[in-house]
Amino acid sequence: MAHAGTLSIEHLRKQYEVKGEPLPVLEDITLSIAPGEFVSIVGASGCGKSTLLRLVVGLEEDYKGEILLDGKRVAGTSLDRGIVFQEHRLFPWLTVEQNIRMALLNANLTESEKRRTVREHIGLVGLAGFETAFPHQLSGGMSQRVAIARALVTRPEILLLDEPFGALDALTRAYLQQELHRIWQAEGITMILVTHDVEEAIYLGDRVV
Ligand SMILES: Nc1ncnc2c1ncn2[C@@H]1O[C@H](COP(=O)(O)OP(=O)(O)O)[C@@H](O)[C@H]1O
Ligand SMILES: [Mg+2]
């Protein structure tokens, strides 16, 4: 029996079509990730890292091979998989609290449960006191914290991170790497981090692919 959050990628192939010509991007990728593991994926720009994450999160569904979560084929996006991108992608007209709460739109929770879990996640990423701030009032690092809280608030089994600190200055980046490590330990969920920074990959990953 697979455990909750076991990801198996088997003989994955993905190609895009560019001007009528096939562009192979991923060829025969096989990778198994255990529940609670932190895996870093490193590679040069354009090698297909974001494509791989988009496939796992279900934003892209046209592929060959298998992507299985707990033995079931991944089809479409789901609350069991969260993602953080390089840009925070917050709604500028919503507060921190409202942005995180948007992720719970389809969650099966009461209003008070939603309020409580949003508050808990704001605390988890160290932003207590900024509930009613708008994105333009936050630094880049704080905005990325909100994006992490938004991705975690649905309690996913897997958190996917696509170069989440790539746009931050070196000090903020180092600090958020420590914070991510702390959050990973606190939450005990599977994390897959895509980065082109080898040091970051080694510092955070149990395993580097
Ligand atoms: N939607 C798309 N249509 C066509 N080609 C794409 C598309 N998305 C990505 N590609 C191509 O696929 C390759 C891998 O892209 P990507 O997964 O973004 O790489 P990485 O994240 O490793 O930099 C690149 O050559 C890119 O141009
Ligand atoms: Mg990319």
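In this chain, numbering begins with 1 at the start of the sequence shown. Read the numbers this way: they start at 1 and go in the same order the structure lists the ligands and their atoms. Excluded from the calculations below are hydrogen atoms, water molecules and symmetry mates; all remaining heavy atoms, backbone and side chain alike, are included. Note that the structure is predicted; figures quoted are calculated from it, not measured.
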TODO: Please work out which of G48, G46, S50 has its closest non-hydrogen atom nearest to atom 25 (O) of ligand 1.
DONE: G46
TODO: Look at atom 17 (O) of ligand 1 and find which of T51, L52, V194, D162 reaches it with the closest heavy atom.
DONE: T51
Check: residues 126-136 side-chain donor-acceptor pairs under 3.5 Å, at least two apart:
| residue | atom | partner | partner atom | Å |
| --- | --- | --- | --- | --- |
| E131 | OE1 | G129 | N | 2.9 |
| E131 | OE2 | G129 | N | 3.3 |

- [ ] Tell me, please, which residues at least two apart from F91 pass ring pair (Phe, Tyr, Trp, His ring centres under 6.0 Å).
- [x] W93
Among all protein heavy atoms, pick out the one at the shortest distance from [atom]; state its residue, atom name and that distance to 0.1 Å.
atom: atom 6 (C) of ligand 1; value: Y16 CD1, 3.3 Å
atom: atom 12 (O) of ligand 1; value: V25 CG2, 3.3 Å
atom: atom 26 (C) of ligand 1; value: L23 CD2, 4.7 Å

- [ ] Look up atom CG in L53 and atom CG in L59, then write down how far apart they are to the nearest 0.5 Å.
- [x] 10.0 Å
Task: Inter-residue atom distance T172.OG1 - F165.CZ, 0.5 Å rounding - done: 10.5 Å
Task: Carboxylate-amine/guanidinium contact E179 R145, below 4.0 Å - done: yes
- [ ] State plainly whether the residues K14 and E27 are in salt-bridge range, i.e. N to O under 4.0 Å.
- [x] no
Open item on the list: Distance under 4.0 Å to a non-hydrogen atom of R54: what atoms of ligand 1 satisfy this?
Closed with: 8 (N)
TODO: Give the numbers and elements of all ligand 1 atoms closer than 4.0 Å to a heavy atom of S45.
DONE: 23 (O)
Open item on the list: For Y203 and H181, take the angle between the two ring planes, folded into 0 to 90°, and tell me which bin it lands in: parallel under 30, tilted 30 to 60, perpendicular over 60.
Closed with: tilted
TODO: Using a cut-off of 2.8 Å, find all protein N, O or S atoms closer to the Mg ion (ligand 2) than that distance.
DONE: S50 OG
Open item on the list: Checking S78 now: which residues fulfil side chain to side chain donor-acceptor pair (under 3.5 Å) with it, not counting sequence neighbours?
Closed with: D80
TODO: Begin with the C-alpha distance, continue with both residues' side-chain angles, and end with the deciding distance and a verdict on side chain to side chain donor-acceptor pair (under 3.5 Å) for H11 and E66.
DONE: CA-CA 7 Å; H11 304 294; E66 297 282 6; over 6 Å; no
